[in-house]
Amino acid sequence: YEWSFNQLKEAALHHLNFQIYLLNLDVVLRDSSAYNIQFNEGRPIFIDIHSLKKYEDGEYWNGYAQFCENFLNPLILGSLKGVRHNNWFKGSLEGIPTRELNKILSLKDKLSIKVLIHIVGQAKLQNQNIKNPKDSEKKLKNIKKFPKSSYLFLLKQIKNWIEKLQFKKSKTIWENYKNEHTYDDNEFNEKKIIVGDFVEKLKPEKLIDLGCNTGIFCEIALDKGAKNVVGLDFDENVIDEAFKKSFNKKLKFLPLVSDLSNPSPNQGWMQHERKGLIERFNSNALIALALEHHLIIGKNIPIIQFIEWIKKIAKFGLLEFVPKTDETVSRMLISRKDIFENYNELYFEKKLSEHAKILKKHKISKSGRVIFVYETL
């Protein structure tokens, strides 16, 4: 639920490729959980060895329904409907149920033979199982063995289908950030230098970039000595672009989809099964550039709460303040009443200094943007 479409797609293909490889060695997977895949240096890896078991002659793909819910259905939702899977997956930890997806697909969507087989047909069988469970049990007992060649064919068929899926994309606000930000070239280059110097001095084991966009500063951080970088952004399109960069260059950079005003919580069984964002992403250092105004102005979060929240994430930080004189904030305030009386550089610096030692302060734009380098107290 924090992956972009293409991250989920690559994870699905990796899972299928691994299954094909195993089946040729007379080994299969007991399940098809998306949580058994993680990303390392931009590439998916399989992490649950306990899922492996010996293949039994004639057995069916036990994880088929789970694969559909965890991988195929979310990808179909994005490909056919242009709907992101993230919030649905976050609210339903086992993915998107086939019966629910079937209800929202149009007749035109269902004209595809693959959709008919894997979505419509499977949903129909599930409905029959609910209505007549005893009849379904009888059918299962009489079911014929599934040849290994058919098992391999099914895996390869779904793999070929997923390889062709593309997200039905619509333009988002921040995907052209590198061309549309409010800095001139000199100011933007200065920002890159500040990030590079900050990382070069610390050489953090783990750095987190809040509002990473396409990962421009994440890549600079890696070049300057950060060992691992996690980037978070609410815009799925820019995370997809960041992931492509991470995948193609094999970077130690993990971009993830996250609305920082509503981050992933502790959830699942006893709220311990899946840890929340803060619990998983404590870091040595953080970058939060052009972020605070989206939360303070955009989400009405008080400055003091924003600072208290951000100091929990890392000891050292690079934090940009964007004043009301900046074009971006001015646009945000056009259609709403300005209720942010204390939103100014002096008040922001005062509140930050109550929680952190300000090591440096850089004025980086004509509009008055400031980057604070700090160490939490």
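Positions are given from 1 along the sequence.
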Asker: Suppose we screen for side-chain hydrogen bond (donor to acceptor under 3.5 Å, both in side chains). Which residues come up paired with Glu69, at least two apart in sequence or across chains?
Answerer: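 Result, side-chain hydrogen bond (donor to acceptor under 3.5 Å, both in side chains) vs Glu69: none returned.
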
Asker: Is there side-chain contact between Glu219 and Phe253, with heavy atoms separated by less than 4.5 Å?
Answerer: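 No. Closest side-chain heavy atoms not under 4.5 Å.
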
Asker: Can Glu10 and His14 be counted as having a side-chain donor-acceptor contact under 3.5 angstrom?
Answerer: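 Per modelled atom types, Glu10 and His14 side chains form no pair under 3.5 Å.
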
Asker: Might you confirm whether atom NZ of Lys366 has over 12 heavy atoms from other residues, nucleotides or ligands at distances under 6.0 Å?
Answerer: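 Atom NZ in Lys366 is not crowded, with 12 or fewer foreign heavy atoms closer than 6.0 Å.
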
Asker: Flag the pair Phe67 / His15 as yes when their ring centroid distance falls below 6.0 Å, and as no otherwise.
Answerer: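 Here the rings of His15 and Phe67 have centres that are less than 6.0 Å from each other.
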
Asker: Check this for me, if you would: do Glu327 and Arg331 make a salt bridge, where the nitrogen-to-carboxylate-oxygen distance has to be below 4.0 angstrom?
Answerer: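 So Glu327 pairs with Arg331 through a salt bridge.
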
Asker: Between Asp240 and Asn6, do the side chains contain a donor N or O and an acceptor N or O under 3.5 Å apart?
Answerer: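 The criterion, which ignores hydrogens and geometry beyond distance, is satisfied for Asp240 and Asn6.
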
Asker: Assign the ring pair Phe243 / Phe39 to parallel, tilted or perpendicular, where the plane angle (0 to 90°) is split at 30° and 60°.
Answerer: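 Ring orientation of Phe243 relative to Phe39: perpendicular.
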
Asker: Taking a hydrophobic cluster as the set of Ile, Leu, Val, Met, Phe, Trp and Tyr residues connected by side-chain heavy atoms closer than 4.5 Å, whether directly or through intermediates, do Ile339 and Ile334 fall within one such cluster?
Answerer: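 No, because Ile339 and Ile334 fall into different hydrophobic clusters, even though each may have its own neighbours under 4.5 Å.
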
Asker: With no hydrogens and no angle check, just 3.5 Å: does a side-chain donor-acceptor pair link Gln157 and His118?
Answerer: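 Result is yes, a qualifying pair exists.
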
Asker: Are Phe153 and Phe146 near enough that their ring centres are under 6.0 Å apart?
Answerer: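 No, the ring of Phe153 stays outside the 6.0 Å limit from the ring of Phe146, centre to centre.
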
Asker: Would you call Lys53 and Asp26 a salt bridge, using N to O less than 4.0 angstrom?
Answerer: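 No, no charged N to carboxylate O under 4.0 Å.
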
Asker: Under the side chain to side chain contact (heavy atoms under 4.5 Å, CB included) test, which residues partner Leu333, sequence neighbours left out?
Answerer: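 Leu333 satisfies side chain to side chain contact (heavy atoms under 4.5 Å, CB included) with Ile297, Lys324, Val329, Arg336, Asp338, Phe340 once adjacent residues are dropped.
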
Asker: Examine the side chains of Arg369 and Thr325 and answer whether a donor and an acceptor come within less than 3.5 Å of each other.
Answerer: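 Judged by distance alone, the side chains do not pair up.
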
Asker: Please identify each residue that fulfils side chain to side chain contact (heavy atoms under 4.5 Å, CB included) with Lys351, with sequence neighbours left out.
Answerer: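 Only Ile303, Ile304, Ile307, Tyr347, Glu354 meet the side chain to side chain contact (heavy atoms under 4.5 Å, CB included) criterion with Lys351.
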
